[in-house]
Amino acid sequence: MIEFGWQFFAVGIPAIIFGGISKGGFGSGAAFVAGAILALVVPPGVALGIVLPLFMLVDAATLRPYWGKWHWPSAKGLMLGAVPGCIIAALLYAVVDADMFRLLIGAICLAFVAFQLARARGWLTIKEMPFRAPVAWFAGMVSGFTSFVSHAGGPPAAVFLLSQGLSKTAYQATTVVTFWAINWMKAVPYAFLGIFSWDTLMGSLVLAPFALLGAWIGVKAHHLVPERLFFGLTYVLLVLTGVRLIWVALS
């Protein structure tokens, strides 16, 4: 049973708003901060079950503003690759305990921040390259896997999409339609694995307005607000969350 006390709401509300903002207008894969932070107050599997319906709701809300603006070859390649990635992750989920997932989510948090800082400092550059289907499939497979286990499919997809030299809007639109499809892929195995429950459904319902609020802010801010401040705060949250999850997993 989930206790919907003040800790759940104090952590869950800002986390889901952040996730909605990222999915709605600030791509770069930071939406998974919602699930990672929520995993601080509920088991990782419960966090997965709460966040997926919320992300699917945000997908539905944000698909229209970006409709038809995506780069379809990239989106299709990522979707096709995500299928085996999700299958592998589902098989792993059935045999791995919660602490292993806390460790994995914490490591992804820290790796994402390190990757973004390396890009910002110029230590890592991603060169533009022509579209190649096998590269898209591989990126999709990694995205499908990380999305299934931690809703963190954004970073692998971001590396591939950044290499395609897309505009900001085309990049965001491709991200939106890709993860709309991947989230639907995850829903059926989540149900079979017991990740969804009445508790997770209630958690999703009480947080749904805040997910939509975040998505609305994200879409509105996409053309108006620079991402630097938003991501600066997000990176701090991810580092603190990652360290905490790793500490709990190893203790």
Pairing residues for Trp67 by the ring-ring contact (aromatic ring centres under 6.0 Å, His included) criterion, not counting sequence neighbours:
Trp70

Under the side chain to side chain donor-acceptor pair (under 3.5 Å) test, residues paired with Thr178 that sit two or more places apart
none

Show your working on side-chain contact (heavy atoms from CB on, under 4.5 Å) between Leu201 and Phe196 and close with a plain yes or no.
CA-CA 7 Å; Leu201 177 60; Phe196 292 136; over 6 Å; no

Does Leu212 sit in a hydrophobic cluster with other residues, and if so which ones, taking ILVMFWY side chains as linked at heavy-atom separations under 4.5 Å, directly or through other members?
Leu57

Can you list every pair that meets salt bridge (Lys or Arg N to Asp or Glu O under 4.0 Å) and has a residue in residues 11-21, with sequence neighbours left out?
none

Please answer: with hydrophobic residues joined when any side-chain heavy atoms are less than 4.5 Å apart, are Leu104 and Leu250 in the same cluster?
yes

Rounded to the nearest 0.5 Å, what's the gap from CZ on Phe138 to CG on Leu78? Could you check?
12.0 Å

According to salt bridge (Lys or Arg N to Asp or Glu O under 4.0 Å), does anything in residues 151-163 pair up with another residue at least two apart or in another chain? List the pairs.
none

Going by salt bridge (Lys or Arg N to Asp or Glu O under 4.0 Å), name the pairs with one or both residues in residues 138-148, residues two or more places apart or in two chains.
none

So with a 6.0 Å cut-off around CZ of Phe115, is the heavy-atom count from everything else above 12?
yes

If hydrophobic residues (ILVMFWY) are linked whenever their side-chain heavy atoms come closer than 4.5 Å, directly or via other members, who joins Val58 in its cluster?
none

Between Asn183 and Leu52, is any pair of side-chain heavy atoms under 4.5 Å apart?
yes

Taking only residues at least two apart or on different chains, which pairs with a member in residues 55-64 satisfy salt bridge (Lys or Arg N to Asp or Glu O under 4.0 Å)?
Lys23-Asp59

For Ser147, check side chain to side chain donor-acceptor pair (under 3.5 Å) against everything at least two apart and list the hits.
Lys186

What pair of heavy atoms forms the shortest contact from Ile108 to Thr146, and how long is it?
CD1-CG2, 4.3 Å

State, to 0.1 Å, how close Ala94 and Leu193 come at their nearest heavy-atom pair, and which atoms those are.
CB-CD2, 4.1 Å

Could you walk me through whether Phe145 and Cys86 pass the side-chain contact (heavy atoms from CB on, under 4.5 Å) test, one step at a time?
CA-CA 5 Å; Phe145 179 88; Cys86 287; over 6 Å; no

Counting only heavy atoms not in Met100, do more than 12 fall under 6.0 Å of its CE?
no

Is a side-chain N or O of Ser204 found less than 3.5 angstrom from the main chain of Pro53, in a donor-acceptor match?
no

Quick one: do Leu161 and Ser74 satisfy side-chain contact (heavy atoms from CB on, under 4.5 Å)? Show the steps, please.
CA-CA 7 Å; Leu161 292 175; Ser74 295; 3.8 Å; yes

Excluding sequence neighbours, so at least two apart, what forms ring-ring contact (aromatic ring centres under 6.0 Å, His included) with Phe148?
Tyr190

Ile16 and Val51, any side-chain heavy atoms less than 4.5 Å apart:
yes

Check ring-ring contact (aromatic ring centres under 6.0 Å, His included) between Phe160 and all other residues, then give those that pass, not counting sequence neighbours.
none

Other cluster members, Met129 - Ile/Leu/Val/Met/Phe/Trp/Tyr, side-chain contacts below 4.5 Å
none

Hey, are the side chains of Leu103 and Asp99 touching, using non-hydrogen atoms and a 4.5 Å cut-off?
no

